[in-house]
2 protein chains.
Amino acid sequence: MSERRARADAEGGSTAAPSKSQRAYELLHDRIVDGTYSPGYRLVLDAIGRELDMSVVPVREAIRRLEAEGLVTFERNIGARVAEIDELQYHDTMETLSFVEGAAVSLAAGLYSKRDVDEARAINERMRASLAAFDPVQFTSLNEAFHRRLTDVSPNAVIGDVIDTCWKRLARLRQSTFSFVPNRALASVDEHEAILGLIEDGADPRRIELAVRAHRLATPDAYLQRIHPSDH
Amino acid sequence: MSERRARADAEGGSTAAPSKSQRAYELLHDRIVDGTYSPGYRLVLDAIGRELDMSVVPVREAIRRLEAEGLVTFERNIGARVAEIDELQYHDTMETLSFVEGAAVSLAAGLYSKRDVDEARAINERMRASLAAFDPVQFTSLNEAFHRRLTDVSPNAVIGDVIDTCWKRLARLRQSTFSFVPNRALASVDEHEAILGLIEDGADPRRIELAVRAHRLATPDAYLQRIHPSDH
DNA sequence: CATGCGGGCATCGTATACGATCTCAGATCC
DNA sequence: GGATCTGAGATCGTATACGATGCCCGCATG
């Protein structure tokens, strides 16, 4: 839990030097999430320790933490590698996200300020633009920003952590998903707008929840087409 | 993630000796969950290492893992203690559980066998009995068993992990919650039966989801009365 | 040529050691 | 008397060292 908090602490301490294991964690985390290390990549303790100019002990801790988050797999006497994400895991994660995002947004339903909605809408318009410019990378990144903008308003920190975890796992995969389905992307933008409309109208939270959930569930196809290019 | 799997692996390896860090993890985990170590308890690395006849290194790893699960808080240069659980965290966890249990059961809706329902019902009847015998400890334990029996049928492993995590956090608290509200407990048993009825009737998954969610959300009061005995 | 068997090498798992940091009690100063 | 300083003890953080384990490759054998 508390990834956001943990990182905030580490940086918030300003003057206090972050521990080495924290540095190792952040480096590895970022490289996994941004795709520098792809799924299956072998994480050798010694090598990482040498690169970061530290011994294996803090590196091990960092890797154990990443393991707990599901970003790496670790086998006794064998070693660690970046976790693979198969179709089933991908699907389960997406499905989970559909439920918990729906939950978060429905909990936040009465709490959105005009500013929240305006900012989300601005992001969505930038998505539309990046779609027109056929910039899938930016589109994908804005998409996450849009969703986070909505779910971050939820006051439930535990749900927030679950959402974080899901995004992290998907990020690794999204990395290799530059090609996407324009039609679906366009539909996403419209669905986003519809969701914002529901929020502005003060619609029933449950209805908003279902809209968010349905939107999320409609998305996987775009990715799965990429994962199994032969299947179309 | 994959707590259940991790533990299963460790034990499934039968002949292979589990690593020391694994042993440390299991011991600490169990003691935290079963309440031997209550919230706030200070976990001193050296002491634990001596008790388990190992050095601090594997103990540190175990504690970091527990930290990632939210069972332990860890401050640099200060040390680790069993995580406190305040009213807000408790509420957020309960609320999250209400959503994800609803999700799991609705996903499992079409998959329950007669045996699944029968076993769940048997557990529920034992709950009724333990209520009559005024045995809150057993009641609480059966309650978790009942809920798990329903959610375990869900095919989504990610949601399963989220549910696991929630239960673990609540377990620490439940420990100190021997007194409960009999009326609410009785209502729980009836709600359980109603949920089983919906499942048997092949009701709309969404309706089942809402029933599960509402049932879960009704429960906190019983605990909160205990946490703030002065508030009634 | 296929297959089974060492043996060396890479890597992991953990113990030990020691400097760094925090806590807390007691002394000192206003 | 209360506040601040200081030093000792406790505990943490990490480096280093070394035994344990698994993997891979070459060699012998059928």
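In the text below, chain A, chain B and the rest are named by the order of the sequence lines, each starting its count at 1.
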Engineer: Does B:A103 have any side chain to side chain contact (heavy atoms under 4.5 Å, CB included) partners at least two apart in sequence or in another chain, and if so, which?
Structural biologist: A:F99, B:I159

Engineer: Please write out the pairs of protein N or O atoms and N or O atoms of nucleotides 6-9 of chain C separated by less than 3.5 Å, giving the distance to one decimal.
Structural biologist:
none

Engineer: Under the side-chain hydrogen bond (donor to acceptor under 3.5 Å, both in side chains) test, which residues partner A:R213, sequence neighbours left out?
Structural biologist: A:E209, B:E209

Engineer: Sequence neighbours left out, cut at 3.5 Å: what donor-acceptor pairs do the side chains of residues 47-54 of chain B make with other protein atoms?
Structural biologist:
| from | atom 1 | to | atom 2 | distance (Å) |
| --- | --- | --- | --- | --- |
| B:E51 | OE1 | B:R31 | NH1 | 3.4 |
| B:E51 | OE2 | B:R31 | NH1 | 3.2 |
| B:E51 | OE2 | B:R31 | NH2 | 2.8 |

Engineer: Any chance you could list the contact pattern along nucleotides 11-18 of chain D? Use B for base contacts, S for sugar-phosphate-only contacts and - for none, protein heavy atoms under 4.0 Å, 5' to 3'.
Structural biologist: SSSBBB--

Engineer: Are side-chain N/O atoms of A:D116 and A:S113 paired as donor and acceptor at under 3.5 Å?
Structural biologist: yes

Engineer: Under the side chain to side chain contact (heavy atoms under 4.5 Å, CB included) test against B:S21, which residue among B:E61, B:E26, B:R60, B:R65 passes?
Structural biologist: B:E61

Engineer: Less than 4.5 Å apart, side chain to side chain, heavy atoms only: is that true for B:N143 and B:M127?
Structural biologist: yes

Engineer: Just jot down the ring pair (Phe, Tyr, Trp, His ring centres under 6.0 Å) partners of A:Y37, sequence neighbours excluded, or say none.
Structural biologist: A:Y41

